[in-house]
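All heavy atoms count here, side chains included; hydrogens, waters and symmetry mates do not.
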Amino acid sequence: MEFEVDDSRDRVDRDAVWDFLTTQAYWGKWRTREQFERQIDQAWRVVGAYRKSDGGQLGFARAFSDGVGSAYLADVFVLPEGRGHGVGKALVRVMVEEGPGRDFRWMLHTNDAHGLYRSFGFAEPDATYMERPRPENPT
């Protein structure tokens with residue numbers, strides 16, 4: 001499968017990303033469309049993967065950052081038709097290793113893609129890392 005990766009925010013098919021995040025992503029179903037739009041608009045960087053044949057959205061990744069030393073990788077996904085073709089690796093590589101944040105400390109949460117992220121140097125946190133989880137029933 002031929003695809004390309006691009007960090008143009010204007011190229012993102014927001015309807016396709018919204019559809020995946022709210023119907024298939026275990027982590028993304030809680031957002032409203034307004035919240036989703038704000039996350040895209042205010043993201044430090046977004047990266048999309050697109051079919052070369054027709055420019056259709058194949059995958060997506062979003063990051064927020066202080067722009068100086070740390071960033072959080074979020075909403076990484078590849079549509080089923082693009083899986084197994086290196087799309088996920090390309091998204092993460094462009095976001096983490098080839099962009100303006102290549103020297104940052106990167107963070108993320110995942111339930112099922114540890115192998116992908118380990119290949120880019122992500123590891124379980126050490127004793128210096130703490131987190132306050134999102135409340136179960138946010139208001």
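Using a 4.5 Å cut-off on side-chain heavy atoms (C-beta onward), Glu131 and Met107 make no contact. Leu116 places a side-chain heavy atom less than 4.5 Å from the side chain of Phe120. Residues Phe60 and Ile40 have side chains in contact (heavy-atom distance under 4.5 Å, counting atoms from C-beta outward). Gln39 is not listed as a side-chain neighbour of Val46, based on a closest heavy-atom distance of 4.5 Å or more. In this structure the side chain of Val96 never reaches within 4.5 angstrom of the side chain of Phe104, judged on heavy atoms. Counting only heavy atoms from C-beta outward, the side chains of Val17 and Arg62 never approach each other to under 4.5 Å. For the pair Trp30/Leu21, no side-chain contact is recorded, criterion being any heavy-atom separation below 4.5 Å from C-beta on.
Formation of a donor-acceptor pair under 3.5 Å by the Thr22 side chain with backbone atoms of Lys29 is not found in this model. Under the 3.5 Å distance criterion, the side-chain polar atoms of Gln57 are matched with a main-chain donor or acceptor of Asp13. With Arg45 contributing its side chain and Asp7 its backbone, the two residues share no donor-acceptor pair below 3.5 Å. A donor-acceptor contact shorter than 3.5 Å is absent between the side chain of Trp27 and the backbone of Ala74. The closest donor-acceptor contact from the side chain of Arg105 to the backbone of Gly69 lies at 3.5 Å or more, if one exists at all. Between the side chain of Tyr117 and the backbone N or O of Leu108 there is no donor-acceptor pair closer than 3.5 Å.
Partners of Glu81 by salt bridge (charged side-chain N to carboxylate O under 4.0 Å, His left out), not counting sequence neighbours, listed by chain and number: Arg51.
By the criterion of side-chain heavy atoms lying less than 4.5 angstrom apart, applied directly or through intervening Ile, Leu, Val, Met, Phe, Trp or Tyr residues, Phe20 is not grouped with Leu91; the two fall into different hydrophobic clusters. Residues Leu73 and Trp44 share a single hydrophobic cluster, defined by chaining ILVMFWY side chains whose heavy atoms lie under 4.5 Å apart. Taken together through direct or relayed side-chain contacts under 4.5 Å among Ile, Leu, Val, Met, Phe, Trp and Tyr, Met95 and Phe77 form parts of separate hydrophobic clusters.
A tilted orientation is assigned to the rings of Trp18 and Phe36, their planes being inclined by 30° to 60°.
Looking at every heavy atom in both residues, His85 comes nearest to Phe3 through O-CE2, 3.4 Å. Closest heavy-atom contact between Val76 and Ala61: CG2-CB, 3.8 Å.
Open room surrounds CD on Glu2; 12 or fewer heavy atoms of other groups in view lie less than 6.0 Å from it. Annotation for Glu34: atom CD does not count as buried by contact number, only 12 or fewer foreign heavy atoms lying within 6.0 Å.
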Query raised in the report: Does the pair Ser8 and Asp10 meet the rule for a side-chain hydrogen bond (donor to acceptor under 3.5 Å, both in side chains), with working shown?
Result: CA-CA 5 Å; Ser8 170; Asp10 294 335; 4.9 Å; no

Report task. Go through the steps for Val5 and Glu98 under the test side-chain contact (heavy atoms from CB on, under 4.5 Å), then give the verdict. Result -> CA-CA 11 Å; Val5 178; Glu98 296 180 3; over 6 Å; no

Requested in this report: For Lys52 and Leu58, run side-chain contact (heavy atoms from CB on, under 4.5 Å): C-alpha distance rounded to whole Å, both residues' side-chain angles, the deciding distance at 0.1 Å, then the answer.
Outcome: CA-CA 10 Å; Lys52 278 196 173 182; Leu58 274 177; over 6 Å; no

Query raised in the report: Going through the checks in order, is the side-chain contact (heavy atoms from CB on, under 4.5 Å) test met by Val12 and Tyr50?
Result: CA-CA 9 Å; Val12 172; Tyr50 307 92; 3.7 Å; yes

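Checked against the 6.0 Å centroid threshold, His114 and Phe122 do not count as a close aromatic pair.
Rounded to the nearest 0.5 angstrom, Phe64 CZ and Ser70 OG are separated by 9.5 Å.
With Glu37 as reference, Arg14 is the one residue of Arg31, Arg14, Arg9 to meet the salt bridge (Lys or Arg N to Asp or Glu O under 4.0 Å) rule.
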